There are 2 protein chains.
Amino acid sequence: MLFYGFCVILKSNRFGKRGITVRLTISDIAKKTGYAKSTVSAALNNKPGVKPKTREEIQRIAAEMNYIPNEFARNLSMQTTNTIGIIVRDITNPFYAKICRAIENTASEHAYTTLILNTDGIREKELNAIRVMSGQMVSGVIIDISGKDTDLLMELNKFGLPFVVFGTTAGELAADSVEADDYNGAYQAAEYLYSCGHRKIGFVHGGMESVYSQRRLRGIRKALEHNGIELEEKYIFYKAKTIQEGYLMGKKLVNFEDLPTAIIAYNDLVAVGMIRALEENGRQVPDDISIIGFDDIELMTFPLTTVQIPEYEMGEKAAELLFDKIMGKASGRPREILLDTELVVRKSVKRLL
Amino acid sequence: MLFYGFCVILKSNRFGKRGITVRLTISDIAKKTGYAKSTVSAALNNKPGVKPKTREEIQRIAAEMNYIPNEFARNLSMQTTNTIGIIVRDITNPFYAKICRAIENTASEHAYTTLILNTDGIREKELNAIRVMSGQMVSGVIIDISGKDTDLLMELNKFGLPFVVFGTTAGELAADSVEADDYNGAYQAAEYLYSCGHRKIGFVHGGMESVYSQRRLRGIRKALEHNGIELEEKYIFYKAKTIQEGYLMGKKLVNFEDLPTAIIAYNDLVAVGMIRALEENGRQVPDDISIIGFDDIELMTFPLTTVQIPEYEMGEKAAELLFDKIMGKASGRPREILLDTELVVRKSVKRLL
DNA sequence: TTGAAAGCGCTAACAA
DNA sequence: TTGTTAGCGCTTTCAA
């Protein structure tokens, strides 16, 4: 019986230590081929100044011997890495998962690898993530800052890490950034609700320190004002970002006296949680109450009307911005990319008219 | 106006190159404190043999100067890394996202970092992932092998990478592995359907090269046999693993002549896709057809009855096994961990009795 | 076109 | 208790 998972001696160790894996190095290739390390290096990296025949021979033998360059030594020597860091709240949120996938795909086209760190939005973890990234010498980082987390950016700057941001770098601070047009998305959502006859409209925000929340709120408010009604304070509900929080929100809603006829949720997760809680308490969506979400997560069974955020494109664009920066192709001014959102109408909103 | 994202000179370069970030090194700390590099290293790493006062002083100054060790140099020197690799099909699948989160959490307790690579189940990408992992000198990898991908394990072995596997290492090959009890889960699901009066039961598998599919099929078959009925060949439907594939499956199902009264889907994603397609074509779940899923993804609005797989625990256990191996604590024999599944009854199955 | 040697930032053996 | 030195595997001058 053959057991896997034991260490294999690929090359015998200088000290002959048993069971310790020693990988093939460029010196082994040099020895084998009879060329110098520098020649091997040049050949393997397709650098000019190597005789074609030599290059071919070296590459062939290296391939035969299954040589894989040690990226660490390489990076240390070149003083760069081929990895970019991603700092997100939670990869478990399909929204971020999609973004990370997009970044990874773009990165791998550049032969880069990604390092993903989750922070759960906890400051301490965010700070730590930046330190780890720095220690890992990532070439740059893509970070999701939902609030005015300018100190996170200061930190990134302190370590000299190029970065691109999801979210806005408000006011007099500016950085390359990618975001979706939340304002417009929210505006459209509210406008749509109005057109369906809804007048009492609520918003479950995701914490007002978040620019996304702020802009969505502004969008809703503006749309309603435009139609001559006002967003009532009591219909701005306390924050929720996750399914669980949405669920709790839904529970509370049930006991509410003067319920709005429609609610815009901070995101689809919150919408899911709310719907679950409402249905458990005998309220039907959209018959008893209408709901609109944000993100357009793929995984829904429920026909949720929602504002679609182009996650994949966001990830792609962010990666492109970052690579421009890493490659020194970025122009002086920070670039801010704003991507369109779109209201996807399904069946979670009741027509009252 | 202050622009972020430009490089900052943390320390002036030997060549005085402008705009190039040069990070602080251990030599800088040595110079500043007046101690030798080795002393600084020992102090910073809390190694014994350093005078407490010295240690304290060095640590203080290093912290003040915001020194962060270069992990690459560290790893190169120590011939290990503090990262473990994860090779999964697709992080966008919440099932894998959960697993990755669990692994990351466990890893970070050991001050390890994770490198996640997605393969979409494509052989070429899997092979490449292993090469990348090897080049990145990961301490070990956790890999999801759904089929009898023994050559992937051979590859891993070839590079001397310790690994732990999700899935089974069938037959005479064996490795540390973690898996859920698919067989039993499927058995329970089918048993439950039978108890609800279903006799015509179908299974949408995820590709019969997958051991999961095989075992689930066996579980279903056994449960039915136990009740004196047979799983009909025509009710074993072609493979589907994603929402899209489930959706297509659902579309086909609509035109089916002799539909089963209940279907067990390969996973929740497939169930979601099927339900969506069915409902679009006027069939209600569970009124017209009952459906059971696998995984118990959190994100469902639909009250899907499903076989819960303990993803988080799976990730945790896998990480623990791997760390044991990395730390040399593993005993000789491969360990296979089998985790219980549980049927979560919700409302996607109709009682016919 | 190739080779020798230095150096990336760190750890670790050994000497002081 | 601290310092000196070599070396991890690679790239990159610079010399041959």
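Bear in mind the structure is a predicted one, so any value in this text is a computation, not a measurement. Numbers restart at 1 for each chain; the letters A, B, ... are given by sequence-line order, proteins then strands. These values consider heavy atoms only, across backbone and side chains, with no hydrogens, waters or symmetry-generated copies.
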- Query: Between the base of dA4(C) and the side chain of Ser38(A), is there any donor-acceptor pair under 3.5 Å?
  - Reply: yes

- For Glu64(B), look at atom CD and say whether over 12 heavy atoms of other residues, nucleotides or ligands are found less than 6.0 Å away. yes

- Check the surroundings of atom NZ in Lys125(A): do more than 12 heavy atoms from other residues, nucleotides or ligands lie under 6.0 Å from it? yes

- Message: Run the ring pair (Phe, Tyr, Trp, His ring centres under 6.0 Å) test against Tyr112(B) and tell me which residues pass, sequence neighbours left out.
- Response: Phe323(B)

- Message: Does dC10(D) have OP1 or OP2 under 4.0 Å away from a side-chain N or O of Ser41(A)?
- Response: no

- Query: Which is true for Asn45(B) with a 4.0 Å heavy-atom rule: it touches a base, it touches only sugar-phosphate, or it touches nothing?
  - Reply: sugar-phosphate

- When all nucleic acid strands are considered with a 4.0 Å heavy-atom cut-off, which category describes Tyr35(B): base, sugar-phosphate, or nothing? sugar-phosphate

- Looking across every strand, which nucleic acid part, if any, lies under 4.0 Å from Lys47(B) by heavy atom: base, sugar-phosphate, or nothing? sugar-phosphate

- Query: OP1, OP2 of dG9(D) versus side-chain N and O of Ser27(A): anything below 4.0 Å?
  - Reply: no

- Rounded distance (Å) that lies between atom P of dG9(D) and atom CE of Met78(A): 17 Å

- With a cut-off of under 6.0 Å to the ring centre and 45° to the axis, is Lys317(B) in cation-pi contact with Phe166(B)? no

- Once you round it to whole Å, what is the distance between C1' of dC10(C) and CD1 of Ile29(B)? 13 Å

- Closest of dT2(D), dT2(C), dG9(D) to the Lys51(A) side chain is dT2(C)

- Atom-to-atom span, CD1 of Ile26(A) to P of dT12(D) - whole angstrom: 11 Å

- Query: dC10(C) C1' sits how many Å from Ile68(B) CD1, rounded?
  - Reply: 15 Å

- Query: From Glu126(A) CD over to Asp151(A) CG, what is the distance, rounded to the nearest 0.5 angstrom?
  - Reply: 9.0 Å

- Message: Using the side-chain heavy atoms of Thr25(B), tell me which of these nucleotides is nearest: dC10(C), dT4(D), dT2(D).
- Response: dC10(C)

- Query: If you find the nucleotide of DNA chain D closest to Gly34(B) and the one closest to Ala73(B), which residue's nucleotide is nearer the 5' end?
  - Reply: Gly34(B)

- Query: Nearest to the side chain of Asn70(A), which nucleotide is it out of dC10(C), dC10(D), dA12(C)?
  - Reply: dC10(D)

- Message: Rounded to whole Å, how long is the line connecting atom CD of Glu71(A) with atom C1' of dC8(D)?
- Response: 15 Å

- Query: What nucleic acid atoms does Gly135(B) come within less than 4.0 Å of, heavy atoms only: base, sugar-phosphate, or nothing?
  - Reply: nothing

- Item | Nearest-Å distance for atom pair CG/C1', residues Asn46(B) and dT11(C) | 15 Å

- Task: Give the rounded distance in Å between these two atoms: NZ of Lys31(A) and P of dT2(C).
- Result: 20 Å

- Message: On the side chain of Ser77(A), is there an atom forming a donor-acceptor pair with the base of dG7(C) - under 3.5 Å, no angle test?
- Response: yes

- Between dC8(C) (C1') and Leu76(A) (CG): distance, integer Å: 4 Å

- Spatial distance of atom CG (Asp28(A)) from atom OG1 (Thr33(A)) [nearest 0.5 Å]: 10.5 Å

- Query: Under 4.0 angstrom, heavy atoms only, what part of the nucleic acid is Lys53(A) near: base, sugar-phosphate, or nothing?
  - Reply: nothing

- Think Gln79(A) has a side-chain N or O under 4.0 angstrom from the OP1 or OP2 of dG9(C)? yes

- Message: So, OP1 or OP2 of dG9(C): does either fall under 4.0 Å of a side-chain N or O from Arg74(B)?
- Response: no

- Between Lys37(A) and Arg55(A), name the one whose nearest nucleotide on DNA chain C is closer to the 5' end. Arg55(A)

